[in-house]
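Quick notes on the structure that follows.
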Amino acid sequence: MKVSIIGSGYVGTTLAACLADLGHTVTAIDVDESVVDRINAGEAPIHEPGLADLVAEHAGNRLRATTDYAAVRDTDVTFIALPTPSRKDGSIDTSLVEMGTESLGEALREKDGEHLVVVKSTVVPGTTAERVAPVLVEASGKQLGEGIDVAMNPEFLREGHAVSDFLDPDKIVFGAEREAAFATLRELYRPLTETTDTHVVETGLNEAEIIKYANNAFLAAKISLMNELGNICKEYGIDAYEVADAIGLDDRIGSQFLNSGVGWGGSCFPKDVAALIAAADEVGYDAQLLKAAVAVNDRQPERLLSLLDDHGDVAGQRVAVLGLSFKPGTDDIRESRAIPVIQGLLDRGADVVGYDPVAADRMRERFPDITYADSAAEALRDAHGAVVVTDWDEFAALDEEFDTMARPVVVDGRHVVGRREGLTYEGLTW
Ligand SMILES: NC(=O)c1ccc[n+]([C@@H]2O[C@H](COP(=O)([O-])OP(=O)(O)OC[C@H]3O[C@@H](n4cnc5c(N)ncnc54)[C@H](O)[C@@H]3O)[C@@H](O)[C@H]2O)c1
Ligand SMILES: O=c1ccn([C@@H]2O[C@H](COP(=O)(O)OP(=O)(O)O[C@H]3O[C@H](CO)[C@@H](O)[C@H](O)[C@H]3O)[C@@H](O)[C@H]2O)c(=O)[nH]1
C-alpha cells in the first residue's frame with residue numbers, strides 16, 4: 001500500500017521505516033527540514049537501535065521524506081504521529097494534531113478516491129471523533145464514509161526497543177466506525193499479522209484511545225506500587241528485589257515492571273498519566289489512585305538524595321550522577337529522573353558531574369553549567385559520592401573505578417551497581 005506519515009519523531013520514523021520494511025511505499029512528512037534531509041540521506045533522525053539500518057536500507061527506494069503535504073495525495077492512508085504535549089493542568093494540547101490534520105485535509109481536497117486518516121498520536125477519548133474528524137471534513141470538503149474516513153491505531157512501542165516492539169507487538173489495536181476502515185488497517189498490517197502471533201483488537205474510536213492510556217497508567221501505577229512497597233522494605237532493611245522476585249511468580253502479578261527505584265520518566269508515562277487524570281477530572285471523576293501513583297513517583301528522587309545526605313553534606317563537594325537518559329538504550333531525557341536528581345544536588349550546593357553514554361548533549365541543553373564527564377570512571381574520580389539514575393549495563397561492570405573516589409559512597413537508584421569491599425553502597429529500595 002502507499003502510506004504517508006505526518007511527523008517523523010520516535011513514533012513516525014519507526015512506523016515509516018518498519019512499514020517500508022514490511023513492503024509498503026512510505027512517504028514521511030515533517031515540518032523540520034533537517035529531519036527530512038536526514039531520512040532522505042538514509043539516516044535515522046533519532047537514536048533507536050536497528051532504526052538506522054532500516055532507514056539506510058529503504059531510503060530512496062520504498063521510503064522517502066518531504067516537507068510537502070501535497071505528497072499525501074499519492075497515498076491511500078495517512079498516519080498522524082504528531083506530538084500531544086501536556087498543558088500546565090496535565091491535559092493534552094491537541095493543537096499540533098489539529099494543525100497537521102488541517103494541512104492534510106486541505107491537501108486531500110484535490111484527491112480522488114478513498115483515503116483513510118489514522119490517528120497514531122496518543123489522544124484522550126473523543127479526540128479522533130470530535131476534534132480530528134471535524135477538522136478533516138471541513139478542510140477536505142469531503143464527508144466521513146464518502147471518500148474519507150478516520151481511524152485510531154495507538155502505538156505501544158518502548159523507546160530503545162521501538163523497532164523490535166513494532167515488528168513483533170503483543171497486540172495491535174484498531175479503532176474505527178466503518179468496516180472499510182478496518183479492512184484497510186487489516187490489509188496494511190497483514191505482512192505483520194501473518195508472520196507473528198500478535199493479537200488484533202478491533203474496537204471503537206474512543207475505546208482505542210483509552211486502551212492506550214489504560215495500558216500506560218497500569219504500568220506506571222504498577223511501578224509506583226512496587227516503589228511504595230520498596231520504600232517500606234527499605235525501612236525494614238529488606239531487599240525489595242527479593243520480594244519482587246517472589247510476588248512476580250504469581251501469574252496474576254507477573255514478573256515485569258517490578259523494578260523499584262528512582263521512578264518512571266520518559267515522554268509517555270508522566271504525560272499520559274497526567275492526561276488521564278485531567279480527562280477524568282473533566283468528566284467529574286477524581287482519579288485518586290493515579291494521583292497517588294504520580295505522588296510516589298515524584299518522591300523517589302528526593303528519597304535517593306536523602307540517602308546520600310545520610311553519609312554527609314554534599315555542599316561544595318563533587319558528586320557524580322551516573323545516567324542521564326530516562327532509561328537505558330536511548331538519548332531521550334524527557335522527564336528523566338536525572339533532572340530532579342541534578343536539581344536536588346544543585347539545591348544542596350553540590351558540584352555536579354554527570355555521565356551518560358549517549359544523553360549528555362541533550363542534558364547539557366537543560367543544565368549547561370554542570371560538568372559532563374566522558375566516562376563513568378572520569379565522573380567518579382575525586383567524587384564525594386555518586387548516584388545511579390539510569391540502569392545502563394556498563395554501570396554493572398564498574399569496580400576499581402570506585403577506588404578513585406574521594407569518598408566512596410554510591411546510592412544506587414536502579415539496582416545495577418555491584419557491592420564491593422571499600423565501597424559504601426546504598427540501594428534505594430534494597
Ligand atoms: N515516543 C514514544 O515512545 C511514543 C510511544 C507511543 C506513542 N507516542 C505518542 O506518539 C505521538 C508522537 O510522539 P513522538 O515521541 O514520536 O514525537 P516527537 O516529538 O519525537 O516527534 C514529532 C515530530 O513531528 C514533527 N512535527 C511537528 N509539527 C508538525 C506538523 N505540523 N507537520 C509535520 N510534522 C510536524 C516534529 O518536527 C517532530 O519530528 C505523541 O502523541 C506521543 O504521546 C509516543
Ligand atoms: O520496572 C520498571 C520498568 C520501567 N521503569 C521506568 O519506567 C519508565 C518507562 O520505561 P519504559 O516503559 O520501558 O519506556 P517507554 O519508552 O517510556 O515506554 C512506555 O511508554 C510508551 C509511550 O506511550 C509506550 O508505548 C510503552 O508501551 C511504555 O512501556 C523509565 O523511566 C523506566 O526506567 C521502572 O522504573 N521500573
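We count ligands from 1, going down the list as the structure has it; atoms in each ligand are counted the same way. Throughout, numbering of the chain's residues begins at 1 and tracks the sequence. As a basis for the values below, the full set of heavy atoms in this structure was taken, side chains included, without hydrogen atoms, waters or symmetry mates.
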Measure [X] to ligand 1 on non-hydrogen atoms and call it side chain, backbone, both or neither using the 4.0 Å cut-off.
{"X": "Ser8", "value": "backbone"}
{"X": "Ile46", "value": "neither"}
{"X": "Tyr69", "value": "side chain"}
{"X": "Val123", "value": "neither"}
{"X": "Arg334", "value": "side chain"}
{"X": "Thr84", "value": "both"}

Which of the ligand 1 atoms, numbered from 1, are nearer than 4.0 Å to a heavy atom of [X]:
{"X": "Lys271", "result": "42 (C), 43 (O)"}
{"X": "Ala81", "result": "12 (C)"}
{"X": "Asp32", "result": "37 (O)"}
{"X": "Cys268", "result": "2 (C), 3 (O), 4 (C), 5 (C), 44 (C)"}

Compute the shortest N/O to N/O distance between [X] and ligand 2 and return yes if it is under 3.5 Å, no if not.
{"X": "Asn215", "answer": "no"}
{"X": "Asn216", "answer": "yes"}
{"X": "Phe269", "answer": "no"}
{"X": "Leu157", "answer": "yes"}
{"X": "Phe326", "answer": "yes"}
{"X": "Lys327", "answer": "yes"}

Checking a contact table here: which protein heavy atom is nearest [atom], and how many Å away?
{"atom": "atom 35 (C) of ligand 1", "answer": "Leu82 CD2, 3.2 Å"}
{"atom": "atom 9 (C) of ligand 1", "answer": "Thr122 OG1, 3.4 Å"}
{"atom": "atom 16 (O) of ligand 2", "answer": "Glu159 N, 2.7 Å"}
{"atom": "atom 12 (O) of ligand 2", "answer": "Phe257 CZ, 3.3 Å"}
{"atom": "atom 7 (O) of ligand 2", "answer": "Trp264 CB, 3.4 Å"}
{"atom": "atom 27 (O) of ligand 2", "answer": "Phe156 O, 2.7 Å"}
{"atom": "atom 1 (O) of ligand 2", "answer": "Asn259 N, 3.0 Å"}
{"atom": "atom 18 (P) of ligand 1", "answer": "Gly9 CA, 3.9 Å"}
{"atom": "atom 29 (O) of ligand 2", "answer": "Arg158 CG, 3.4 Å"}

Within this structure, what is the OG-CG distance for the pair Ser224 and Asn297, rounded to the nearest 0.5 Å?
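Result: 5.0 Å between the selected atoms.
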Answer with yes or no whether [X] contacts ligand 2, where contact means a heavy atom under 4.0 Å from a ligand atom.
{"X": "Lys212", "value": "yes"}
{"X": "Gly263", "value": "yes"}
{"X": "Arg414", "value": "yes"}
{"X": "Cys268", "value": "yes"}

Where ligand 2 meets Glu155 - atom numbers and elements under 4.0 angstrom, heavy-atom basis
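Those qualifying, in numeric order: 25 (O).
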Between [X] and [Y], is any side-chain donor less than 3.5 angstrom from a side-chain acceptor?
{"X": "Asn227", "Y": "Lys222", "result": "no"}
{"X": "Thr84", "Y": "Lys271", "result": "yes"}
{"X": "Arg87", "Y": "Ser91", "result": "yes"}

Would you indicate which of Thr13, Val11, Thr101, Asp30 comes nearest to atom 5 (C) of ligand 1 when only heavy atoms are counted?
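Going through Thr13, Val11, Thr101, Asp30 one by one, Val11 has the nearest heavy atom to atom 5 (C) of ligand 1.
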Report the member of Asp332, Leu219, Leu258, Ile223 with the shortest heavy-atom distance to atom 5 (N) of ligand 2.
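Shortest heavy-atom distance from atom 5 (N) of ligand 2: Ile223.
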Count the heavy atoms of every other residue, nucleotide or ligand shown that sit under 6.0 Å from CG of Asp393, and state whether that count exceeds 12.
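At most 12 heavy atoms, drawn from other residues, nucleotides or ligands, come within 6.0 Å of this atom.
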Can we call the ring centroids of Phe174 and Tyr189 under 6.0 Å apart?
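Yes; Tyr189 has its ring centre under 6.0 Å from that of Phe174.
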Is there a heavy atom in Arg158 that sits closer than 4.0 Å to ligand 1?
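No, that is not the case, since the closest heavy atom of the residue is not under 4.0 Å from the ligand.
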Could you check whether any heavy atom of Glu159 sits closer than 4.0 Å to an atom of ligand 1, since that is the contact criterion I want to use?
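Within the 4.0 Å threshold, so yes.
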Mode of Asp272 contact toward ligand 2 - side chain, backbone, both, neither (heavy atoms, under 4.0 Å)
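Side chain only.
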